[in-house]
Amino acid sequence: MTGVRIERLTSSGTFSLDGGLWDVENNVWIVGDDREAIVIDAAHDADAIAAAVGDRRLTAIVCTHAHNDHVNAAPALAEATGAPILLYLDDRLLWKRTHPEHSPDGYLSHDQRIDVAGTELRMIHTPGHTPGSICLYASTLGTVFTGDTLFAGGPGATGRSYSDFPTIIRSIRDRLLTLPPGTPGPRRSRSAPDSW
């Protein structure tokens with residue numbers, strides 16, 4: 001595990017769903033070492049993400065969910081790097097709203113493991129924000145990447161299509177609060193308006 005690190009890139013753009021459009025900031029997470037990495041949530045700017053990855057081999061582009069502001073740069077990043085795009089199957093309809101002509105390269109499942117630079121990340125299906133929302137738990141790094149399942153101070157937004165408040169509460173209670181005490185998560189994925 002020596003040399004494995006977590007890097008954060010902040011990107012800005014828009015989120016659109018149900019006829020609304022909001023300015024948002026998103027976190028793009030890069031996990032890896034000097035040789036290889038994965039990207040979690042390729043948002044808004046494929047060129048900036050590719051520059052942050054540098055000459056490392058990108059082994060996967062993992063989408064925590066398929067809202068457009070979390071996946072809009074994924075195909076361009078995949079084309080530039082050759083990395084596969086991975087998404088939980090239950091979010092395929094949301095994916096097609098943003099990328100009708102491009103499919104993910106693979107679908108994730110609950111408890112699936114992805115290895116990067118000798119570090120294992122476990123997929124945790126946490127529906128509620130979207131049907132296919134996932135979190136990635138890296139036990140050896142002592143952290144969980146929650147996408148929009150968690151915002152600062154509480155659950156992710158559930159005020160739009162494909163979301164459900166009771167479901168996200170169950171996901172947080174049954175799948176995140178059962179992680180080891182003190183497991184920190186990176187900060188929320190975006191600055192979200194209260195109206196979501």
Side-chain angles (χ1 to χ4, degrees), residues 1-13 24-67 69-88 104-106 108-126 129 133-153 156 172 175-191:
M1 193 185 78
T2 309
V4 175
R5 60 190 180 275
I6 300 168
E7 301 165 60
R8 180 176 66 133
L9 174 70
T10 304
S11 63
S12 299
V24 293
E25 289 185 354
N26 294 69
N27 288 326
V28 178
W29 299 100
I30 302 169
V31 181
D33 60 13
D34 291 336
R35 295 179 316 248
E36 66 178 20
I38 67 165
V39 164
I40 302 170
D41 288 339
H44 309 299
D45 191 340
D47 291 338
I49 299 168
V53 171
D55 61 359
R56 292 178 280 183
R57 182 173 67 96
L58 191 62
T59 61
I61 301 163
V62 180
C63 308
T64 61
H65 63 290
H67 280 152
D69 62 319
H70 284 252
V71 301
N72 52 13
L77 183 62
E79 185 176 333
T81 64
I85 301 168
L86 306 176
L87 175 74
Y88 199 86
D105 298 296
L108 299 165
S109 58
H110 179 67
D111 270 338
Q112 180 177 342
R113 270 65 169 178
I114 293 178
D115 185 80
V116 61
T119 298
E120 183 180 87
L121 290 93
R122 178 171 63 96
M123 306 302 117
I124 303 172
H125 183 214
T126 54
H129 183 67
S133 288
I134 61 162
C135 298
L136 292 84
Y137 176 54
S139 61
T140 58
L141 299 177
T143 196
V144 61
F145 300 89
T146 60
D148 282 354
T149 295
L150 289 176
F151 285 165
I172 293 167
R175 297 214 164 146
L176 295 183
L177 294 180
T178 57
L179 295 174
T183 300
R187 285 169 268 182
R188 69 178 176 184
S189 296
R190 74 163 129 253
S191 301

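Judged purely by atom type and a 3.5 angstrom limit, H70 has no side-chain atom pairing as donor or acceptor with the backbone of H65. Of the possible polar contacts, none joining the T183 side chain to the T143 backbone as a donor-acceptor pair under 3.5 Å is found. With S11 contributing its side chain and D45 its backbone, the two residues share no donor-acceptor pair below 3.5 Å. Looking only at distances, a side-chain donor or acceptor of R175 sits under 3.5 Å from a matching main-chain atom of H125. The backbone N or O of R57 lies less than 3.5 Å from no partner atom in the side chain of E36, so there is not a single donor-acceptor pair.
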Before you tell me yes or no, could you show the steps for I6 and F145 under side-chain contact (heavy atoms from CB on, under 4.5 Å), namely the whole-Å CA-CA distance, both residues' side-chain angles and the distance that decides it to 0.1 Å?
CA-CA 10 Å; I6 300 168; F145 300 89; 3.8 Å; yes

Can you list the steps and then say if L177 with I172 is a side-chain contact (heavy atoms from CB on, under 4.5 Å)?
CA-CA 6 Å; L177 294 180; I172 293 167; 4.1 Å; yes

Residue pair V31, L141: steps toward the side-chain contact (heavy atoms from CB on, under 4.5 Å) verdict
CA-CA 10 Å; V31 181; L141 299 177; 4.1 Å; yes

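Taking a 6.0 Å sphere around CD of E7, one finds it holds more than 12 heavy atoms contributed by other residues, nucleotides or ligands. The environment of R5 atom CZ is dense: over 12 non-hydrogen atoms of other residues, nucleotides or ligands sit within 6.0 angstrom.
Here the NE2-OG distance, from H44 to S12, works out to 6.5 Å after rounding to the nearest 0.5 Å. Here the straight-line distance linking atom CD1 of I114 with atom CD of Q112 works out to 5.5 Å at 0.5 Å rounding. Distance check, rounded to the nearest 0.5 Å: CG of D33 to OG1 of T119 gives 8.0 Å. A distance of 5.0 Å separates CG of L108 from CD1 of I134, quoted to the nearest 0.5 Å. Distance check, rounded to the nearest 0.5 Å: NE2 of H110 to OG1 of T126 gives 9.5 Å. Atom OG1 of T146 and atom CG of L179 lie 10.5 Å apart (nearest 0.5 Å).
Across all non-hydrogen atoms, the minimal contact from A73 to I49 is CB-CD1, 4.5 Å. Scanning all heavy atoms of the two residues, the minimum distance from A52 to I30 falls at CB-CD1, 3.6 Å. What you find for V71 and P75 is that their closest heavy atoms are O-CD, 3.6 Å. Between D105 and P84, the shortest heavy-atom contact is OD2-CA, 3.3 Å. In terms of heavy atoms, V144 sits closest to C135 at CG2-CB, 3.9 Å. The shortest heavy-atom contact between R56 and A37 is NH1-CB, 4.2 Å.
In summary, of the residues considered (L87, I85, L86), a side chain to side chain contact (heavy atoms under 4.5 Å, CB included) with I61 occurs for I85 alone.
Between L136 and V62, some side-chain heavy-atom pair lies under the 4.5 Å cut-off. In this structure, the side chains of L58 and L77 come closer than 4.5 Å at one or more pairs of heavy atoms. Side-chain contact check for E120 versus T140: every heavy-atom pair is 4.5 Å or farther apart. Within the 4.5 Å cutoff, side-chain heavy atoms of I38 are placed close to those of L121.
Between the side chains of D41 and T64, a donor-acceptor pair is found at a separation under 3.5 Å.
Between D111 and R122 there is a salt bridge, since a side-chain N of the basic residue sits under 4.0 Å from a carboxylate O of the acidic one.
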